[in-house]
There are 4 protein chains.
Amino acid sequence: MSVRRDPAGRRRAIVEAACALIAEDGAAALTHRRVAARAGVPLGATTYYFTSLGDLSRAALQHAAEVCAQLLRVWDGRLREGGDPAATLTALCGEYLADRPRALLKTELYTAAARRPELRQAAALWSDGLAGLLAVHAGPDAARAAVFLVDGALLNALTTGRPLDAPAVEAALRALLSPAG
Amino acid sequence: MSVRRDPAGRRRAIVEAACALIAEDGAAALTHRRVAARAGVPLGATTYYFTSLGDLSRAALQHAAEVCAQLLRVWDGRLREGGDPAATLTALCGEYLADRPRALLKTELYTAAARRPELRQAAALWSDGLAGLLAVHAGPDAARAAVFLVDGALLNALTTGRPLDAPAVEAALRALLSPAG
Amino acid sequence: MSVRRDPAGRRRAIVEAACALIAEDGAAALTHRRVAARAGVPLGATTYYFTSLGDLSRAALQHAAEVCAQLLRVWDGRLREGGDPAATLTALCGEYLADRPRALLKTELYTAAARRPELRQAAALWSDGLAGLLAVHAGPDAARAAVFLVDGALLNALTTGRPLDAPAVEAALRALLSPAG
Amino acid sequence: MSVRRDPAGRRRAIVEAACALIAEDGAAALTHRRVAARAGVPLGATTYYFTSLGDLSRAALQHAAEVCAQLLRVWDGRLREGGDPAATLTALCGEYLADRPRALLKTELYTAAARRPELRQAAALWSDGLAGLLAVHAGPDAARAAVFLVDGALLNALTTGRPLDAPAVEAALRALLSPAG
DNA sequence: GATGAATGAGACTTCATTCAT
DNA sequence: GATGAATGAAGTCTCATTCAT
C-alpha cells in the first residue's frame, strides 16, 4: 500500500528494467509488456510514466549512458593507482568485456544515438569522460585517439566474439600515450 | 511475361532491398512488407525465398558485410597510390562518413553480430580485410590496432554527430604505422 | 473454403456491417471489433481491407449515402403516380421516420460530412437528388427550399422525438410547390 | 490559494470547456483529460463534479442548447427591428454559418438527442424558441415550417460545404411567412 | 512455381474510472 | 473536499506466417 505511492521510485524501477532489457536483448526488443513484467508493475504504468515507448527508450538509454559513466570512476581510480597506463587500460578493457550484457549496453546506446540525435549527448559521455581521464597522461589529441582505440577494440571483441587482442591494444596505447606520442 | 523466370535475380533483389532498408532505418525496421515494396516483388516472394524474417535479415546483413568489404578495394587502391598511409587513411575515413546510410550499415551489422553468432564471420570481414591492407605498412599488431582506431573514430563520429577528429586520428595512425611503431 | 476467397464480397460485407452499426449506434460507436463481429469476419480482416478505421468509416458512410439515394427511387415512383405532390411528400416523410435506424443513418452522414470534407459529395447525394425530383413540380429554387423543409422537418422529428408535424409540412410544401410559388 | 473555493464556478468552467470541445471536435472526442486541460482544472475534478463522462457530456450538450437559445435573443431583436422578416431571417442564417464551430454545436446536439432521450428537451429549445419568434409574423404551422426550412438550409450548408442558398431560402420564407401563407 | 488473401497474436496507446492520500 | 497516482480494459493497427489457388 504505502510503497505503491512512490512515483519517483516507480519511474526509476521502470527505467532500470528497460535498461536491463536493452542490455540483455537489445533496444529493438523493448516492449511495454516486457518492461512492465520486468519491473513488476502493471502494463498501464509504463505508459502512465512515459509518453511513448520512444520516450521510455530514450530514458533507458540515457540511464545506460550514466551506468557507463559510472564505470569511468572505477577506471579513474585504477589509472590513478599508478603503473603503466597502457597496461592498466588494457586490463580494464578485459574486465569490461567480462560483463557482456553491460558491455553490449554501450553498443546499443551508440547504435541508437547514430539515428536519434537526442541521444548524442548521452553517447558522448563515455568517450569525453574517458578522454578526460587520459588527458593526464597525454595530450588531448592522443587522449582522444586512445579512446577511439579502446572503443574500436571493445567493439571488435564484442562483434567478432574473439577475445580482446590485448597485446596489440597495449602496444598501441603505449605508443599513443607515451610522452613522445 | 516481361520478367523472365529469374529466381536468383529475384532473391538478390530482395536481399539488396532489405540491405538498403537496414541502412536507412535500421535492422529493427525490417518487415516483409517493406522489403517486398522496396524490391518491387509480391509480398509472397519474401517468404517464398526466405524461411523467415530472421533468415532474410541474416542474408541482408551478410550482404551488408560484403558491401563493406567491397569498399576495401577502393581503400586498397588509394593506399597503394603511395603517400603517407596515415594521411590517406584519415582522408578515407572522412569520405566514408559522407555517405551516412552506408556508414550506418556497418554499425547495424556490428550490433546484430554482437547478439547473433552466425553473423560474427561477416562482421570480421571488414576489420580483417583492413588489417590485411595495413599489414603492408606495419606489423600485424599495429595493423590491427590501427583498425581499432579507425573503427572507433568512425563510430564516435557517427554516434556523437561531431565531425571526424582528423588531426587526432592522423597523428595516432602515424604513430602506430610508423616503422618505429 | 471456396466461399472464403471472395475479396469483393468480403469487403462489401464489412462495409454493410459498418453501415448497419452506424445506423444503430452512431458513427462514433464504430470499432474494428464490432464491425468484425457483425460481419462475421476475423478481427484482422477489417484492417486488411481498410487502411484505417477512418477509411472504413468513410466507406460505410458513402455506402449510407447510396442507401439513402436508393430511397429516392421509391420517392420518385410515388411522386410520379400523380396526386398532390405536397401530400405525397408528407406521407413519404412519415414512412421515412418509421424505420428509425435508417433515418438516423442520414443524420450520421450529415454530422460526419460537416467535419470531413471527403464526405461532402456523399452528403449532397440526397438533397441534390430530391431537389431533382421536385424540380418537375416547381422551379429549382422552390425545389431546393422544399428539400430544406423536408430535411429540417425530418431532423426535428428525429431529435425531439415528436411525431412529424404533418399538417405544417404539407401546407408549407403546398405553398412552396404550387405553381404560384 | 489564489483560487477561492468556488464549486459552482468550477463546475461551470468544466461544462463550458466540454461544450467548447464538442463545438470544435465533436461529442465523440470528449475525454476527461481534454476537458480538464481545457478548463484548467485537475483531472480528478472532472470525475469529482460529474458522475461519469456521459453525465458530463449531457451537461455540456444541455449547455450547448442554452448557448443556441441565447442566440435567439439576438434573432428576436433583429426581427423586431422591422423590415421584411424573410430577408432578416435569411441574413441571420448567413451570419449564423460564419461561426462554424458554434454552428456545428447545434448539429452535435441534434445528433446526440436523436439517440439520447434525455437531450430531447434541450434539442427542442431552439426550434420551439424560433417558432415562437416567428409566430408573430405568421400562424403557428407556418412558423414551425419556417423553422424546419431554416434548420434544413443551415444543415445543408454545413454538410455540403456550399454557401447558404440565400435566394431560395428567402423566397421560400417569404412564401411561408406572407399573410396569405 | 508463385502469389495474395487471410488471420491471430501482439504491439502501442488512450482512457474512464477508482481510490489512497 | 480534492487530487493525481494508478490500472485494466479496450481501442487501433502492424505484421509474420500460412495456405488455397
Side-chain angles (χ1 to χ4, degrees), chain A residues 1-11 14 28-36 41-57, chain B residues 3 5-7 10-11 28-36 41-57, chain C residues 1-11 14 28-36 41-57, chain D residues 3 5-7 10-11 28-36 41-57:
Chain A
M1 299 294 182
S2 64
V3 76
R4 282 173 59 196
R5 290 275 169 154
D6 179 10
R10 221 157 196 221
R11 189 182 171 93
I14 291 172
L30 207 67
T31 72
H32 281 135
R33 282 165 161 73
R34 297 186 68 199
V35 173
V41 301
L43 176 56
T46 59
T47 57
Y48 179 74
Y49 283 98
F50 297 90
T51 301
S52 68
L53 188 64
D55 187 29
L56 172 52
S57 170
Chain B
V3 176
R5 295 289 171 75
D6 180 9
R10 194 160 242 205
R11 187 185 171 93
L30 208 66
T31 71
H32 281 134
R33 280 162 176 72
R34 295 185 67 194
V35 173
V41 302
L43 173 58
T46 58
T47 56
Y48 182 73
Y49 286 98
F50 297 90
T51 302
S52 69
L53 189 64
D55 186 29
L56 173 52
S57 169
Chain C
M1 298 293 182
S2 63
V3 77
R4 282 173 60 198
R5 291 273 168 156
D6 180 10
R10 221 155 197 223
R11 190 182 170 93
I14 291 172
L30 208 67
T31 72
H32 281 135
R33 281 165 161 73
R34 298 186 68 201
V35 173
V41 300
L43 177 56
T46 59
T47 56
Y48 179 74
Y49 283 97
F50 296 91
T51 302
S52 68
L53 188 65
D55 187 29
L56 172 52
S57 170
Chain D
V3 176
R5 295 289 172 77
D6 180 10
R10 194 160 242 204
R11 188 184 171 93
L30 208 67
T31 72
H32 281 133
R33 279 162 176 72
R34 297 185 65 194
V35 172
V41 301
L43 172 58
T46 58
T47 55
Y48 181 73
Y49 286 97
F50 297 90
T51 302
S52 69
L53 190 64
D55 187 28
L56 172 53
S57 169

Look at the side-chain N and O atoms of Arg33(A) and state whether any lies under 4.0 Å from the OP1 or OP2 oxygen of dT13(E). no

Which residue pairs pass the side-chain hydrogen bond (donor to acceptor under 3.5 Å, both in side chains) test when at least one of the two sits in residues 47-57 of chain D, sequence neighbours left out? Asp55(D)-Arg58(D), Ser57(D)-Arg116(D)

Pick base, sugar-phosphate or nothing for Leu56(C), based on heavy-atom distances below 4.0 Å to the nucleic acid. nothing

How many angstroms lie between CG in Leu43(D) and NE2 in His32(D), if you round to the nearest 0.5 Å? 8.0 Å

Between dT3(E), dT3(F), dA5(F), spot the one nearest the side chain of Tyr48(A), thanks. dA5(F)

His32(B) side chain near dC15(F) phosphate (N/O to OP1/OP2, under 4.0 Å): no

On the nucleotide dT3(F), are OP1 or OP2 found under 4.0 Å from the side-chain N or O atoms that Arg10(D) carries? yes

Among the candidates dT12(F), dT7(F), dT14(E), find the nucleotide nearest to the side-chain atoms of Pro42(A). dT7(F)

Please pick, from dA2(E), dC13(F), dA5(E), the nucleotide with the shortest atom-to-atom distance to any side-chain atom of Pro7(C). dA5(E)

Determine the minimum heavy-atom distance between Thr31(A) and Leu53(A), stating which atoms define it. C-CD1, 4.2 Å

Rounded distance in Å - CG (Leu53(C)) to P (dT14(E)): 16 Å

Which pair of heavy atoms, one from Arg10(B) and one from Pro42(B), lies closest together, and at what distance? NH2-CD, 3.5 Å

Can you find a side chain N or O atom of Arg11(B) that sits less than 4.0 Å from OP1 or OP2 on dA2(E)? no

Roughly, in whole Å, what's the span from CD1 in Ile14(C) to P in dT12(F)? 14 Å

Comparing nearest nucleotides in DNA chain F, the 5'-proximal residue of the pair Arg34(C), Gly44(A) is Gly44(A)

If you assign Thr47(C) and Val41(B) each to the DNA chain E nucleotide with the nearest heavy atom, which residue ends up on the more 5' nucleotide? Val41(B)

Leu43(A) side-chain proximity, nearest of dT13(E), dT17(E), dT18(F): dT13(E)

Candidates dC13(F), dT3(E), dT3(F) - which lies nearest the side chain of Ser52(C): dC13(F)

Contact under 4.0 Å: Tyr49(B) side-chain N or O vs dG1(E) OP1/OP2: no

Under 4.0 Å between any heavy atoms, over every strand shown, what does Thr31(B) touch: base, sugar-phosphate, or nothing? Just pick one. sugar-phosphate

Asp6(D) CG to dG1(F) P: how many Å, rounded? 15 Å

Under a 3.5 Å cutoff on both atom distances, Watson-Crick or G-U, what's the dot-bracket for DNA chain F ([ ] crossing, | other strand)? .||||||||||||||||||||

If each of Leu30(C) and Leu30(B) is mapped to the nucleotide of DNA chain F with the nearest heavy atom, which maps nearer the 5' terminus, i.e. the 5' end? Leu30(C)

